[in-house]
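Heads up: the structure comes next, in structure tokens.
Just so it is clear, the values below take in all heavy atoms, side chains as well, and ignore hydrogens, waters and symmetry mates. Just so we're clear, the structure is a prediction, and the values are computed from it rather than from any experiment.
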Amino acid sequence: MAVVSAPPPRTRPRRAGRLTPYWLIAPSVVAMLGFLVYPMLSVLYYSLRHYNVTQPWDNGFAGLENFRRLLFEDPIFWQSLGFSLKWVAVEVVLQFLLGLALALIVNESFVGRAVSRALVFSPWAVSGVLTTAIWVLLYNPFTGMSRYLADLGLIEYGAAPLANPGTVFWAAVVAELWRGVPFFAILLLADLQSVSKELYEAASVDGAGRVRRFFHITLPHLRDAIILSTLLRCVWEFNNVDLLYTLTGGGPAHQTTTLPLYVAALAAQSHDFGYATALTTVAFLILTFFSIAYLRLSKFGAKS
């Protein structure tokens, strides 16, 4: 009786099946390389060059000259960096505290809660330029809030909060708070919805009051949401351009000029793209280092 040997295993279809997932993600990888990696490499390339379209005869390889210039010869860089850090710290802290308070309020059951939530969240849907237009009208010294405050005797007539070096910072802070607080309220409220009511009921039975329930149940549950939202908002506020540019233009005397706003001014007005990209590279390194350090120190994702 003849023994029929089994056919050899087919390797080609199996090998093709292993490559299928890579072929499927290839378009996304190519798009990512085109839209993310290439711009980053391009910025790094131009940061090492003199590149000013108004002075083409000086264009060429600069090495680290642009970085030496921003570190030792440009006081506006340090001023804008200092203001950026101050702006981020004040805005993120105030936005988080007010957003958390609003999230806790609209999470409660009361008559008109749906309308209250819509009113709380509505500023987040307004663009930065439109937000600026609203607050420019409110800060108008003749027709805005200043006029009514002057009628009450609180300030002098004709006071312009956006033109006064002593008030321009807090005037800009209030305008950005109006737009930024709903971000925290929306994100924290979404996480509050997932807290089990049984935990609060059990804590109440054990005699825990509102304060103890907040610190021992609510805050630990919101931990990751707080870390992620504050990190995202720090990055966004550091890169804030639209509101400050249209509200103050970086003035008066560069007092409200953030680092990205300074970069935009160099690129759009002075056309010094080589130096502007060097500033962008420094800003990118600052944000990268801060993000990694913040996530490591806060232990994001770790089980409490």
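No donor-acceptor contact under 3.5 angstrom links the side chains of N66 and Y46, judged on distance only. Counted by atom type alone, D74 and Y275 present one or more donor-acceptor pairs between their side chains at under 3.5 Å. Donor-acceptor pairing under 3.5 Å is recorded for the side chains of Y200 and T218. Of the N and O atoms on the side chains of T258 and S84, not one donor lies less than 3.5 Å from an acceptor on the other residue. In summary, the side chains of T256 and T248 do present a donor paired with an acceptor at a separation below 3.5 Å, with no hydrogens or angles considered.
Atom CZ of F289 is surrounded by 12 or fewer heavy atoms from other residues, nucleotides or ligands within 6.0 Å. More than 12 non-hydrogen atoms from other residues, nucleotides or ligands lie less than 6.0 angstrom from CZ of R68.
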query: Do S196 and H221 pass the side chain to side chain donor-acceptor pair (under 3.5 Å) test, and can you show the C-alpha distance, the side-chain angles, and the key distance before you say yes or no?
result: CA-CA 10 Å; S196 176; H221 184 85; over 6 Å; no
task: Start with the C-alpha gap between N140 and M145, add the side-chain angles, then the distance that decides, and say whether side-chain contact (heavy atoms from CB on, under 4.5 Å) holds.
output: CA-CA 7 Å; N140 188 290; M145 293 186 299; over 6 Å; no
- request: Take I134 and W178 through the test side-chain contact (heavy atoms from CB on, under 4.5 Å) and record every step on the way to the result.
  value: CA-CA 11 Å; I134 295 172; W178 183 80; 4.2 Å; yes
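Looking at heavy atoms from C-beta onward, L188 lies out of side-chain contact with N107 at the 4.5 angstrom threshold. Side-chain atoms of L189 and F184, non-hydrogen and from C-beta on, never get closer than 4.5 Å to each other. Inter-residue side-chain proximity for F284 and M40 is flagged as met; some heavy-atom pair is nearer than 4.5 Å.
When each of L259, L44, V263 is tested with T280 by the rule side-chain contact (heavy atoms from CB on, under 4.5 Å), just one qualifies, namely V263.
Within the model, atoms CD1 of I286 and CZ of F290 stand 11.5 Å from one another, a figure rounded to the nearest 0.5 Å.
W87 and F169 have perpendicular rings, their planes meeting at more than 60° on a 0 to 90° scale where under 30° would count as parallel. Using cut-offs of 30° and 60° for the angle between ring planes, the F183 and W236 rings count as perpendicular.
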